[in-house]
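Below is one structure, written out as structure tokens; comments come after it.
FYI, the numbering just counts along the sequence from 1.
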Amino acid sequence: MSEAKYQKLKAAGTLSASDWTKAVTSSDKGKQLTEAQANAQLRAADDNYGDTSKVPLQQGTGEVSAAAAVPPTSWGETPSKNGETCLENDAVNQRGGHTLNRWTWCHRMRIGLQYWEIKSNGERDYEGTNSLVAQAVAIGNGKQRGIRTYFRAEEGSVSYDDWDPWDRFFTAPDLHLYILSDCAQGSEYCHGTRSAVENTWSEWDYTDSWLYWDIFSHEEASTAVDKVLYHDWYFRFGGGEDDEYQGPEGKTDSWQIRCDSADYFSQFGVDYSKACVNYNVVPHLTYRISDDRVEAVARHIQFAQDNPTQTYPVELDGPKDIPGKYTGARDGRGLTRTPSGSVVDRANEDMKNRACQRKAPYFWRGLPPYDTSKYDCDEYPFSTTNEGASDLEWDFSVRAVPKSQNTAAGALLRWYYFSDRILYNRDPFWVNIQD
């Protein structure tokens with residue numbers, strides 16, 4: 001495919017900007033990916049991301065049921081059901097792909113190679129371009145520092161462009177393409193497994209089975225809290241060594257993962273002390289007003305986010321500013337998790353109670369009296385965040401809500417921390433209220 005043709009297809013919306021690949025550069029190989037670099041790649045996710053309305057609760061206790069989904073801890077030779085579900089979303093065709101949740105990412109893209117004939121004098125003549133449409137899936141792991149990357153060529157998607165008529169039918173289909181996934185940061189920080197898979201282009205055109213490679217993160221390379229490391233991974237590909245025509249090795253866009261060894265994640269008596277997640281996403285918890293288990297809590301959060309100055313406790317020193325509303329962007333207003341029972345959590349609980357009970361410093365500015373036999377005093381931001389009621393930078397809101405709904409919302413918040421692998425203090429997340 002010529003550059004002119006590529007630009008024409010791109011302008012028409014047939015291809016995304018990531019559908020054309022260029023020669024590999026190795027400038028980042030061996031360099032550690034910083035947290036700031038990884039955060040710069042975050043983007044919005046699926047509308048159902050972090051959706052608590054789909055999480056079953058136990059009757060009576062209000063706690064999350066054992067039927068709730070847990071992170072993947074093993075991989076198969078084909079993507080999980082979540083991987084197939086991810087690929088059904090139209091966003092899969094966009095640059096950067098689609099994130100179903102932190103455990104499941106997918107993408108549909110076109111990859112290709114330009115082929116050149118090497119003359120005896122060393123000069124090169126451009127002969128043509130071969131390309132195909134591929135599906136890709138990356139599945140994280142909740143018990144080890146690795147992800148499995150999947151690749152499948154779409155049957156009948158191979159295109160031969162710019163070749164002369166003879167070579168289009170008798171040369172181009174017999175040229176080779178190999179592919180594998182790799183980690184950009186080098187063997188000190190991470191490594192990929194399994195060899196490349198190589199086929200002729202005509203074989204790729206009739207091969208629709210899934211291929212896979214694993215990317216593993218090296219815990220010992222990290223000096224950060226929770227042994228956190230960020231990595232770029234990508235698909236690397238090129239032509240066969242024996243081909244008469246040669247082209248530069250290519251690579252796809254890269255995508256970020258985060259790996260950690262945090263030992264405070266457990267569910268149903270099972271520990272999840274190591275993990276790797278897909279990191280190209282803005283993490284967010286979703287409560288739905290239509291979910292009658294948490295309707296009052298959802299309405300409270302929505303009102304606090306949209307009308308902070310009209311909330312209790314009344315603020316005398318100017319407009320209130322309450323953080324955490326999900327906008328699809330990393331806006332510097334996210335919430336960060338703090339351990340339950342920590343100094344911060346206890347301080348948040350104390351300030352919340354003062355506002356709920358009209359004690360100093362709130363008195364008349366606090367929440368009006370309510371029936372404590374039927375209602376709890378709900379606070380937002382949550383007490384298990386650093387931005388809660390005791391934080392000096394942000395404001396907070398309190399409202400009376402039915403006890404059962406407050407219990408359910410708390411259980412679903414704990415489920416969200418676990419299911420989205422929200423680390424203490426350094427992993428901002430947002431709250432999305434949907435009708």
Side-chain angles (χ1 to χ4, degrees), residues 1-3 5-6 9-10 14-26 77-79 87 92-93 95 97 106-118 124-138 148-184 192-215 233-255:
M1 183 188 305
S2 65
E3 177 67 16
K5 183 173 182 180
Y6 163 66
L9 291 173
K10 178 182 172 184
T14 307
L15 302 175
S16 71
S18 64
D19 288 331
W20 191 250
T21 52
K22 299 187 172 95
V24 165
T25 60
S26 58
E77 294 186 358
T78 61
L87 287 166
V92 73
N93 296 302
R95 183 170 190 175
C106 61
H107 191 22
R108 184 173 180 266
M109 56 190 168
R110 180 171 288 277
I111 64 172
L113 283 177
Q114 293 180 338
Y115 286 93
W116 304 76
E117 183 179 12
I118 309 301
R124 303 189 309 165
D125 283 345
Y126 172 66
E127 298 295 331
T129 295
N130 293 359
S131 64
L132 57 78
V133 175
Q135 298 173 1
V137 175
R148 175 156 290 185
T149 65
Y150 296 88
F151 178 93
R152 177 171 66 182
E154 291 188 3
E155 187 173 0
S157 70
V158 171
S159 177
Y160 306 103
D161 297 289
D162 298 336
W163 295 92
D164 66 42
W166 175 269
D167 286 335
R168 158 64 182 82
F169 291 98
F170 298 102
T171 299
D174 294 329
L175 297 175
H176 287 233
L177 170 73
Y178 69 81
I179 190 161
L180 73 162
S181 67
D182 199 1
C183 183
T193 65
R194 298 170 62 91
S195 301
V197 174
E198 182 173 328
N199 289 313
T200 65
W201 284 92
S202 61
E203 290 171 335
W204 282 114
D205 213 17
Y206 294 97
T207 301
D208 62 354
S209 59
W210 284 104
L211 308 171
Y212 67 88
W213 300 267
D214 300 333
I215 303 291
W233 73 272
Y234 54 84
F235 289 106
R236 179 161 55 89
F237 55 94
E241 293 182 359
D242 295 332
D243 289 341
E244 177 183 355
Y245 301 106
Q246 293 293 317
E249 187 177 70
K251 70 173 183 178
T252 62
D253 284 348
S254 61
W255 305 284

Which distance, rounded to the nearest 0.5 Å, do you find between the CG of N93 and the CE of M109?
-> 11.5 Å
Candidate pair Y126 and D162, rule side chain to side chain contact (heavy atoms under 4.5 Å, CB included), full reasoning | CA-CA 9 Å; Y126 172 66; D162 298 336; 2.8 Å; yes
Got a donor-acceptor contact below 3.5 angstrom from the S131 side chain to the R110 backbone?
-> no
With rounding to the nearest 0.5 Å, note down the distance linking CG in D253 to CZ in F235.
-> 12.0 Å
Has the side chain of T252 got a donor or acceptor atom that lies under 3.5 Å from a matching backbone atom of Y234?
-> no
Can you tell me how far the CG atom of L113 sits from the OG1 atom of T129, to the nearest 0.5 Å?
-> 8.5 Å
When you measure from the side chain of D205 to the backbone N and O of V158, does any donor-acceptor pair fall under 3.5 Å?
-> yes
Interatomic distance, T78 atom OG1 to R148 atom CZ [nearest 0.5 angstrom] = 10.0 Å
How far apart are the C-alpha atoms of I179 and W213, what are their side-chain angles, what is the distance that settles it, and do they pass the side chain to side chain contact (heavy atoms under 4.5 Å, CB included) test?
-> CA-CA 10 Å; I179 190 161; W213 300 267; 3.9 Å; yes
Taking side chain as C-beta onward, heavy atoms only, is Q135 less than 4.5 Å from Y150?
-> no
What's the shortest heavy-atom distance between P173 and T200, and which atoms?
-> O-CB, 3.6 Å
Identify the heavy atoms of N130 and A172 that sit nearest to each other, and give their distance.
-> ND2-O, 3.1 Å
First locate atom CD of E198, then atom CD of E203, and finally report the distance between them rounded to the nearest 0.5 Å.
-> 9.5 Å
Evaluate the side-chain proximity of E155 to Y206: yes if any heavy-atom separation is below 4.5 Å, no if none is.
-> yes
Reported CG-to-CG distance for the pair L211 and N199, which is rounded to 0.5 angstrom | 8.0 Å
Over all atoms of both residues, closest heavy-atom pair of I215 and G192 = CD1-CA, 3.9 Å
If only atom types and distance count, is the side chain of W163 paired as donor or acceptor with the main-chain N or O of E127 below 3.5 Å?
-> no
Determine, step by step, whether F151 and V197 satisfy the side chain to side chain contact (heavy atoms under 4.5 Å, CB included) criterion, reporting the C-alpha distance in whole Å, the side-chain angles of both residues, the deciding distance to 0.1 Å, and the verdict.
-> CA-CA 10 Å; F151 178 93; V197 174; over 6 Å; no
Does V92 offer a backbone N or O that forms a donor-acceptor pair with the side chain of H107 under 3.5 Å?
-> yes
For the pair R194 (side chain) and Y212 (backbone), establish whether a donor and an acceptor sit closer than 3.5 Å, ignoring hydrogens and angles.
-> yes
Heavy-atom closest contact (A136 atom, L87 atom, distance) | O-CD2, 4.1 Å
Check for a donor-acceptor pair, side chain of W204 on one end and backbone N or O of L177 on the other, with a separation under 3.5 Å.
-> yes
